[in-house]
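Read through the structure below, which is laid out as structure tokens, and then see the notes.
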Amino acid sequence: MASPSNTSRRLALVGYGKMGHMIEHLAGSQGFDVVLRLDEFNNAHGKGMTREGFQNVDVAIEFSTPETAGENLIRLAEMGVTCVCGATGWAARQLDEVTAAVQKAGTGLVWSPNFSIGVAVFEKLTTLASQLLADESSYGAWGWEIHHDRKKDAPSGTMIRLVELMKSAGYNRTIDVSSNRAGSHPGTHEIGFDSPADTIVLRHTARSREGFALGALKSARWIMGRQGVYTFEDVLFGARHD
Ligand SMILES: NC(=O)c1ccc[n+]([C@@H]2O[C@H](COP(=O)([O-])OP(=O)(O)OC[C@H]3O[C@@H](n4cnc5c(N)ncnc54)[C@H](OP(=O)(O)O)[C@@H]3O)[C@@H](O)[C@H]2O)c1
């Protein structure tokens, strides 16, 4: 790993579990210097989220838990801290509230349930297949995903997003979704279409957490100096509202 230089961006890690550690491992090589780490102990009930603690922070990356991420994001916005959030399981409940906080503060946020470039392309393929099969009523659809047995939310945030994309693409029939939690698997997502004549399977298999960490760090570089709420798709394929 390259050592941090004077021009390194100062990074706070909010959530210091498996993803937080992986991001720290890669941060130096991507031009970041980790200056603050908040975990379940020094940030219990948000007590680590102070202006003093964040005064030397350029950008934060949030990978905590479904229960804590939303409150952490609101507090980061209130403190004027721009950030990237990879935690899953909070957006359905709190995205509107978090968006309002970011807009009010004039900060920036990139959020995504999946920071893998391969998954972003997989989502585009899922959208295209759903458009092409929307009016082909002989095709039924399913979604399936598997992750390690410590993952707390199911279905995964990525699977929820894939199903939303299919519906937005005009696929209005039933999409049968199932999840498995077992072993150490970093994450596989599958979207399938089946008819009496044939079967189409689209599958993405993550090999490690490294791809998620690199995507989050790429997003952290991109969001600095921007205002508003974006997704990883905006980072990769162009922002909708720059
Ligand atoms: N977007 C992506 O690409 C992507 C990829 C992988 C994972 N994820 C998601 O990212 C999140 C973290 O994943 P992980 O594998 O790193 O899980 P993890 O190892 O369980 O890490 C989460 C860490 O956050 C800690 N935490 C709890 N409360 C906190 C608080 N108030 N402030 C700060 N940290 C707190 C947790 O402590 P406790 O264990 O004691 O609660 C844990 O150490 C999950 O939601 C996961 O689904 C997203």
- Distance from Leu125 atom CG to Ile200 atom CD1, nearest 0.5 Å? 12.0 Å

- Message: Checking Asp33 against Ser8: is there a side-chain donor and acceptor pair closer than 3.5 Å?
- Response: no

- Item | Value rounded to 0.5 Å, distance of CG in Leu236 from NZ in Lys124 | 9.5 Å

- Query: Would Leu165 end up clustered with Leu202 when hydrophobic side chains under 4.5 Å apart are linked, directly or stepwise?
  - Reply: no

- Message: For a side-chain hydrogen bond (donor to acceptor under 3.5 Å, both in side chains) check, start with the C-alpha distance between Glu190 and Thr188, then their side-chain angles and the critical distance, and finish with the verdict.
- Response: CA-CA 7 Å; Glu190 181 178 294; Thr188 288; over 6 Å; no

- Query: Does Glu40 offer a backbone N or O that forms a donor-acceptor pair with the side chain of Asn43 under 3.5 Å?
  - Reply: no

- Item | Side chains of Glu71 and Trp90, donor plus acceptor under 3.5 Å | no

- Message: Let me confirm one number: the CZ-OG1 distance from Arg203 to Thr205, rounded to the nearest 0.5 Å.
- Response: 5.5 Å

- Note on the structure: Partner of Thr88 under side chain to side chain donor-acceptor pair (under 3.5 Å), picked from Asp153, Thr65, Asn114, is Asp153

- Query: Is Asp149 reaching over with its side chain to a backbone N or O of Ala182, donor-acceptor style, under 3.5 angstrom?
  - Reply: no

- Message: Please determine whether a side-chain nitrogen of the Lys or Arg among Glu78 and Arg75 lies less than 4.0 Å from a carboxylate oxygen of the Asp or Glu.
- Response: yes

- Supply the atom-to-atom distance Leu13 CG to Met19 CE, rounded to the nearest 0.5 angstrom. 10.0 Å

- Message: Go through it in stages, so that I can follow the logic: the residues are Asp234 and Trp222, the test is side chain to side chain contact (heavy atoms under 4.5 Å, CB included), and I'd like the CA-CA distance, side-chain angles, deciding distance and then a yes or no.
- Response: CA-CA 10 Å; Asp234 298 323; Trp222 184 90; 4.3 Å; yes

- Side chains of Gln227 and Thr107: closer than 4.5 Å at any heavy-atom pair? no

- Message: The test is side chain to side chain contact (heavy atoms under 4.5 Å, CB included); show your working for Leu26 and Glu210 and say whether it passes.
- Response: CA-CA 8 Å; Leu26 297 170; Glu210 196 167 315; 3.6 Å; yes

- Val14 side chain near Leu73 side chain, heavy-atom distance below 4.5 Å: no

- Query: Which value, rounded to the nearest 0.5 Å, describes the distance between Ile23 atom CD1 and Glu62 atom CD?
  - Reply: 10.0 Å

- Glu67/Lys152 ion pair, N-O < 4.0 Å: no

- Message: Could you go through Phe193 and Tyr171, starting from their C-alpha distance and side-chain angles, then the distance that decides it, and tell me whether this counts as side chain to side chain contact (heavy atoms under 4.5 Å, CB included)?
- Response: CA-CA 11 Å; Phe193 299 91; Tyr171 191 95; 4.0 Å; yes

- Message: Check whether Arg150 reaches the backbone of Gly183 with its side chain - one donor and one acceptor, N or O, closer than 3.5 Å.
- Response: yes

- Message: Would you compute the distance between atom CG of Leu38 and atom OG1 of Thr50 and round it to the nearest 0.5 angstrom?
- Response: 8.5 Å

- Message: With no hydrogens and no angle check, just 3.5 Å: does a side-chain donor-acceptor pair link Asn180 and Trp144?
- Response: yes

- Message: Is a donor from one side chain sitting under 3.5 angstrom from an acceptor on the other, for Glu97 and Thr99?
- Response: no

- Message: Let me check something: do Val229 and Met79 share a hydrophobic cluster, defined by ILVMFWY side-chain heavy atoms less than 4.5 Å apart, either directly or through other members?
- Response: yes

- Query: Would you say the side chains of Ser156 and His189 form a donor-acceptor pair under 3.5 Å?
  - Reply: yes

- Item | Side-chain touch Thr158/Arg161, heavy atoms, less than 4.5 angstrom | no

- Any salt bridge between Lys151 and Glu145, counting N to O under 4.0 Å? no

- Message: Which residue in the set Ile223, Val102, Val84 passes side-chain contact (heavy atoms from CB on, under 4.5 Å) when paired with Tyr230?
- Response: Ile223

- Message: Is there a continuous path of hydrophobic side-chain contacts, each under 4.5 Å between heavy atoms, that joins Val110 to Phe237?
- Response: yes

- Message: Can you classify the ring geometry of His21 versus Tyr16 as parallel (below 30°), tilted (30 to 60°) or perpendicular (above 60°)?
- Response: parallel

- Message: Is the distance from the ring center of Phe212 to that of Phe115 below 6.0 Å?
- Response: no

- Do Phe63 and Ile160 belong to the same hydrophobic cluster, where Ile, Leu, Val, Met, Phe, Trp and Tyr are linked whenever their side-chain heavy atoms lie under 4.5 Å apart, directly or via other members? no

- Message: Is the shortest side-chain heavy-atom distance between Pro186 and Ser208 below 4.5 Å?
- Response: no

- Decide whether Asp198 and Ser195 meet the rule of one side-chain donor and one side-chain acceptor closer than 3.5 Å. yes

- Query: Parallel, tilted or perpendicular: which describes the rings of His204 and Phe122, with under 30° parallel and over 60° perpendicular?
  - Reply: tilted

